[in-house]
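The block underneath contains the structure these notes are about, expressed in structure tokens.
The chain is numbered in sequence order, starting from 1.
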Amino acid sequence: MQAVPFSAGRQRPRAVPPAGACDCHVHVYDGRYPAAPGAKLLPPDASARDYRALQRRMGTTRAVLVTPSTYGTDNRCMLDGLAALGPQARGVAVVTGDESDAELQRLHGAGVRGVRLNLSLGVSGTADMLEPLARRIAPLGWHLQLLMAPDLLAAQAGVLRRLPVPLVFDHFGRIAPSAQGQAAHALLLELLQGGRAWIKLSGGYIVSALRTVEDPALDPLAASYLRCAPERVLWGSDWPHATASAGLQPMPDDARQIDRLHDWLRLAAVSPRRVLVDNPQALYGFPPL
């Protein structure tokens, strides 16, 4: 196949995803929209059209676009991507919590189904916003997507247990394989098992000491989530891999990311359809196939 922007390799995955497979963590970037002051990641433009090429290569059809840290609380680029991808896409926005009801309804009508609080690389928001944000979005049926360092995650255990919305933890919960069994990992397993949270097997190269999804140390970590609550696990490519564009690790091969997911699914005896189709359909409200 032809090369796809921001993805190494040219081969299709060896493991063919099931019909309706969803990539639950994607960003788009457009230089027409200014970066937020203090943004740490400033990747080149990556469009919905570029991502369509990756979908053809991977064999996925549904996608979840997440407003990246680059834009702070400016969701315009993500919303443009949603409009371009159409009804097979959903969005996760970044908000202050001060938006009007009409603005939140506008976002919902555009396909947004959650908000992200990035306390790792984000330039807006603090842990004090966890409860106010959750209360603000609860009437919409949205979820709260979180990215935070493990020590902060563990410190917020009491708050996270009582929030009135589902929680979604991206990038393996920011748990490194070496931290398996420690307080933050144990808390995530508790929230998953209790039906309070979901976990995205995305950005494995971010938590890997080797900075690659090929790292075998990711296998037991992924399996721990899959065995704990297979009905609460999602997968995402993290395309266009802004951390790779920033030189923090090599550019991933997204076909290999699909294959590595299948390695973890086999290890935990979980079906690909469960993680790639059924779970995203339940969380993001995609129509049944």
Side-chain angles (χ1 to χ4, degrees), residues 4-7 17 20-33 35-36 39 41-58 60-95 99 103-104 106-118 121-122 124 137 140-147 166 168-171 198 200-203 234-245 252 254 257 276-277 279-287:
V4 173
F6 311 109
S7 186
C22 184
D23 180 349
C24 294
H25 199 95
V26 178
H27 305 296
V28 288
Y29 297 91
D30 190 327
R32 293 178 300 170
Y33 299 113
L41 296 176
L42 303 171
D45 287 3
S47 68
R49 181 177 179 179
D50 293 331
Y51 181 69
R52 285 285 195 201
L54 183 66
Q55 285 185 310
R56 291 191 292 271
R57 182 179 168 217
M58 292 194 302
T60 59
T61 54
R62 290 172 168 173
V64 179
L65 299 186
V66 180
T67 294
S69 60
T70 301
Y71 297 120
T73 58
D74 184 350
N75 294 293
R76 291 177 295 171
C77 189
M78 183 272 292
L79 293 172
D80 284 352
L82 277 185
L85 292 176
Q88 296 294 348
R90 296 290 185 269
V92 176
V94 179
V95 302
E99 291 80 6
E103 173 60 12
L104 294 182
R106 184 183 76 86
L107 292 173
H108 190 86
V112 170
R113 294 297 180 267
V115 299
R116 190 189 200 199
L117 184 58
N118 184 341
L121 286 173
S124 64
I137 66 176
L140 293 159
W142 288 3
H143 63 266
L144 182 59
Q145 181 172 312
L146 301 173
L147 184 65
V168 178
F169 294 92
D170 49 23
H171 302 341
W198 306 70
K200 289 186 185 183
L201 301 183
S202 60
L234 309 158
W235 175 82
S237 67
D238 195 31
W239 185 91
H241 315 297
T243 50
S245 295
D254 292 291
Q257 291 213 88
L276 289 170
V277 181
N279 293 351
Q281 188 171 288
L283 179 61
Y284 299 105
F286 289 110

#### Entry: Leu85/Arg52 under side chain to side chain contact (heavy atoms under 4.5 Å, CB included): CA gap, chis, key distance, verdict
CA-CA 8 Å; Leu85 292 176; Arg52 285 285 195 201; 3.6 Å; yes
### Task
For the residue pair Thr60 and Asp23, confirm or rule out a side-chain donor-acceptor distance under 3.5 Å.
no
### Query
Can you name the closest pair of heavy atoms from Ala63 and Tyr51 and give their distance?
CB-CE2, 3.7 Å
### Message
Once rounded to the nearest 0.5 Å, what's the spacing between atom NE2 of His241 and atom OG1 of Thr243?
### Response
8.5 Å
### Message
Is it true that Thr67 and Asn75 share a donor-acceptor pair across their side chains at a distance under 3.5 Å?
### Response
yes
### Query
For Leu104, does its backbone N or O pair with a side-chain atom of Glu99 as donor and acceptor, under 3.5 Å?
no
### Query
Taking atom NE2 of His25 and atom CG of Leu147, what is their separation to the nearest 0.5 Å?
7.5 Å
### Query
Are the side chain of Ser202 and the backbone N or O of His171 linked by a donor-acceptor pair below 3.5 Å?
yes
### Message
Using the ring-ring contact (aromatic ring centres under 6.0 Å, His included) definition, which of the options Tyr284, Trp198, Phe169 pairs with His143?
### Response
Tyr284
### Message
Classify the ring geometry of Tyr71 against Tyr33: parallel below 30°, tilted from 30° to 60°, perpendicular beyond 60°.
### Response
perpendicular
### Query
What is the distance from atom CG of Asp254 to atom OG of Ser7, rounded to the nearest 0.5 Å?
3.5 Å
### Message
Check whether Phe286 forms a cation-pi arrangement with Arg90 (NZ or CZ under 6.0 Å from the six-membered ring centre, at most 45° off the ring normal).
### Response
yes
### Message
Is it the case that the side chain of Thr70 and the backbone of Leu41 share a donor-acceptor pair, with hydrogens and angles ignored and the cut-off at 3.5 Å?
### Response
yes
### Query
When you measure from the side chain of Asn279 to the backbone N and O of Leu234, does any donor-acceptor pair fall under 3.5 Å?
no
